[in-house]
Amino acid sequence: MPVNLTPNAIAAINGGDVNSKPLVQVLDIKLIGSTQERYRLLISDSAASQHAMLATQLNDRVKTGAVKKGSVVQLIDYICSTVQNRKIIVVLNMETILLDCEIIGNPKMFTESESTAQKPMPNANLGNPMRVNNFSTPNSGNYSTPTSNSGAFRAPNSSTFNTSNSGTFGGQNPSTFNTSNSGTYRAPNPSTFKAPNVGNDGQSFRPTVQPPYQPPPNYRNHGPILKNEAAARIIPIAALNPYQGRWAIKARVTAKGDLRRYNNARGDGKVFSFDLLDSDGGEIRVTCFNAVVDRFYDTIEVGKVYLISKGSLKPARKDFNHLKNEWEIFLETTSTVDLCPEEDGSIPRQQFSFRPISDIENAENNSIFDVIGIVMSVNPSVPIMRKNGMETQRRILNLKDKSGRSIEVTLWGEFCNKEGQKLQEMVDVGIFPVLAVKAGKVNDFSGKSIGTISSSQLFINPEFPEAHDLQEWFDRGGKNASVSISREFTAGVF
DNA sequence: CCCCCCCC
């Protein structure tokens with residue numbers, strides 16, 4: 001991951017700076033000290049390097065592997081002092097931003113002569129002029145077009161798409177739409193399509209590490225701020241780990257699970273989870289229990305962007321969590337969740353990895369798929385009594401794609417009354433809408449079908465290139481030919 | 001700390 005170390009940081013610290021919280025890289029770590037165990041680091045700002053003593057309370061960071069050779073760290077509390085006529089940096093507190101990183105730049109050992117010539121350290125981490133951000137388009141919350149829409153969708157302006165190898169930018173450029181080879185692409189925010197085509201010049205990528213999180217104005221200036229409560233830097237979700245002290249992430253909610261109550265040997269309680277995606281494509285599940293549910297459940301809305309900090313990281317249980325992250329965040333009462341009211345076009349609404357329906361034929365039971373197809377028929381919602389005695393809604397529809405296969409899609413719960421209802425109304429008047437299913441779960445009861453789970457999302461007539469291709473295929477005759485891979489062909493109105 | 005994702 002690309003990182004910009006703070007330019008001139010070493011010289012600035014030698015010149016007395018104690019406030020800049022620079023990003024530096026750890027080039028080396030040595031255990032020293034005779035009476036007390038102590039670590040000496042060699043730190044670099046990519047141009048200059050210098051030795052630094054680690055405060056002993058941070059020894060565990062080295063021992064647990066939370067910081068190692070190559071790590072990019074943010075110095076939080078530090079001071080340059082002279083020991084035996086040599087200047088040395090003492091690191092009192094720091095955060096690991098990236099655990100592993102190639103050596104950045106070609107740092108040379110810092111010398112005093114440079115210190116006299118030191119320039120003020122630019123506050124490079126407090127803002128990035130390259131950053132393309134903050135489209136003012138309101139947050140629409142979903143891609144769905146209104147029911148009254150004829151089913152036609154507006155093809156996005158092709159000039160805002162980058163169908164070549166845009167991997168260099170990692171999808172960070174909000175105007176970039178990476179549809180290269182893997183079949184994975186990141187659905188841009190709708191506002192992206194209306195944005196001017198800026199930043200494709202190769203100059204506009206921004207470092208992965210983002211500016212420090214500033215608390216909302218109404219929480220500022222409420223008495224003195226303790227030094228260790230200074231704003232945590234926003235880091236990529238992909239860089240989160242349990243050994244990190246303070247962190248903040250800025251991410252969009254891509255899915256929100258229902259509030260569930262449980263009763264087990266440990267007692268009873270309530271729980272809900274939601275899924276996050278950030279501008280670097282990192283994803284992670286967040287879970288809240290009991291009092292924390294009360295605190296955050298109503299705040300969290302799908303499609304909105306939040307600044308989140310002070311949660312704890314636990315290993316993700318892969319059997320219950322399909323997100324690409326080995327960790328899961330548990331929020332606590334001290335955690336903060338702050339809505340970012342301004343739309344951030346750099347964070348996609350979803351990342352898709354569409355697979356042809358024909359692939360599901362041989363897919364493992366319970367595997368998770370993203371599919372996109374044309375809705376051929378929609379059955380009415382029916383109440384289903386669950387084995388635990390709770391009633392829920394079920395609605396089955398039939399989805400067909402260019403692979404020439406169709407499949408039953410089972411909507412559960414609220415999906416029946418929201419998207420399901422809308423889809424039924426469209427099909428009832430002869431419109432065959434495009435439906436994208438994010439994170440559907442494969443079921444193999446008598447043939448294959450796919451069902452919604454709490455992480456699922458449905459998009460009706462989305463403005464994706466795939467949707468456009470599908471519609472064309474459909475109009476050219478795809479409408480009339482397909483083979484179902486589900487147990488019964490849901491004979492519909494076509 | 002949950003862990004349900006449902007039905008035939």
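Residue numbers begin at 1 in each chain, while the letters A, B, ... track the order of the sequences.
As judged by a 4.0 angstrom heavy-atom cut-off over every strand, A:Asp319 is placed among residues making no nucleic acid contact. Contacts of A:Lys387 with the nucleic acid, taken as non-hydrogen atoms under 4.0 Å apart, involve only primed sugar atoms and P, OP1 or OP2. Among the atoms of the strands shown, base atoms are found under 4.0 Å from some heavy atom of A:Glu328. Residue-level contact check: A:Phe272 touches neither bases nor backbone, having no heavy atom under 4.0 Å from any strand.
Look at A:Arg386 and you won't find any side-chain N or O under 4.0 angstrom from OP1 or OP2 of B:dC4. Taking 4.0 angstrom as the limit, A:Asn264 places a side-chain polar atom (N or O) nearer than this to OP1 or OP2 of B:dC2. The side chain of A:Asn443 contributes no N or O atom lying less than 4.0 Å from OP1 or OP2 of B:dC5.
For the segment residues 286-298 of chain A, residues with any heavy atom less than 4.0 angstrom from an atom of DNA chain B are, sorted by number, A:Thr287, A:Phe289, A:Asn290.
Contact annotation: side chain of A:Arg266 to base of B:dC1, donor-acceptor pair absent below 3.5 Å.
As a whole-Å value, the separation of A:His322 NE2 from B:dC3 P is 18 Å. Residue A:Trp412 contributes atom CH2, which lies 10 Å from atom P of B:dC5 at whole-angstrom precision. Note: CZ (A:Arg395) to P (B:dC6) measures 19 Å, nearest angstrom. Atom C1' of nucleotide B:dC1 and atom CZ of A:Arg261 are separated by 15 Å, given to the nearest angstrom. Straight-line distance from the CG atom of A:Asn263 to the C1' atom of B:dC4: 14 Å, rounded to whole Å. Across the protein-nucleic acid pair, A:Glu332 atom CD and B:dC2 atom C1' stand 15 Å apart, rounded to whole Å. Between the C1' atom of B:dC4 and the CG atom of A:Leu259 lies a distance of 12 Å, rounded to the nearest Å. Look at CD on A:Gln457: it is 14 Å from C1' on B:dC5, rounded to the nearest Å.
In this structure, A:Arg405 does not pair ionically with A:Asp359, as no charged nitrogen and carboxylate oxygen lie closer than 4.0 Å. A salt bridge is defined here as a Lys NZ or Arg NE, NH1 or NH2 lying under 4.0 Å from an Asp or Glu carboxylate O, and A:Lys402 with A:Glu472 fails to meet this definition.
Applying the side-chain contact (heavy atoms from CB on, under 4.5 Å) rule to A:Leu54 yields the partners A:Tyr39, A:Leu41, A:Leu58, A:Val62, A:Val91, A:Met94; only residues at least two apart in sequence or on another chain are considered. A search for side chain to side chain donor-acceptor pair (under 3.5 Å) contacts involving A:Ser455 returns A:Asp275, A:Arg285, not counting sequence neighbours. Applying the side chain to side chain donor-acceptor pair (under 3.5 Å) test to A:Asn290 and every residue at least two apart in sequence or in another chain returns nothing. Residues passing the side chain to side chain donor-acceptor pair (under 3.5 Å) test with A:Arg61: none are found, sequence neighbours excluded.
Between B:dC4, B:dC8, B:dC2, one nucleotide has an atom nearer to the side chain of A:Phe445 than all others, and that is B:dC8. Closest contact between the side chain of A:Ser454 and the listed nucleotides B:dC4, B:dC2, B:dC6 involves B:dC4.
Between the side chain of A:Arg246 and the backbone N or O of A:Lys310, no donor-acceptor pair lies under 3.5 Å.
Pairs of residues two or more places apart, or lying in two chains, that qualify as salt bridge (charged side-chain N to carboxylate O under 4.0 Å, His left out) and include a residue from residues 313-337 of chain A are A:Arg317-A:Asp319.
By the 5.5 angstrom centroid cut-off and the 30-degree plane limit, A:Phe330 is classified as not stacked against the base of B:dC1.
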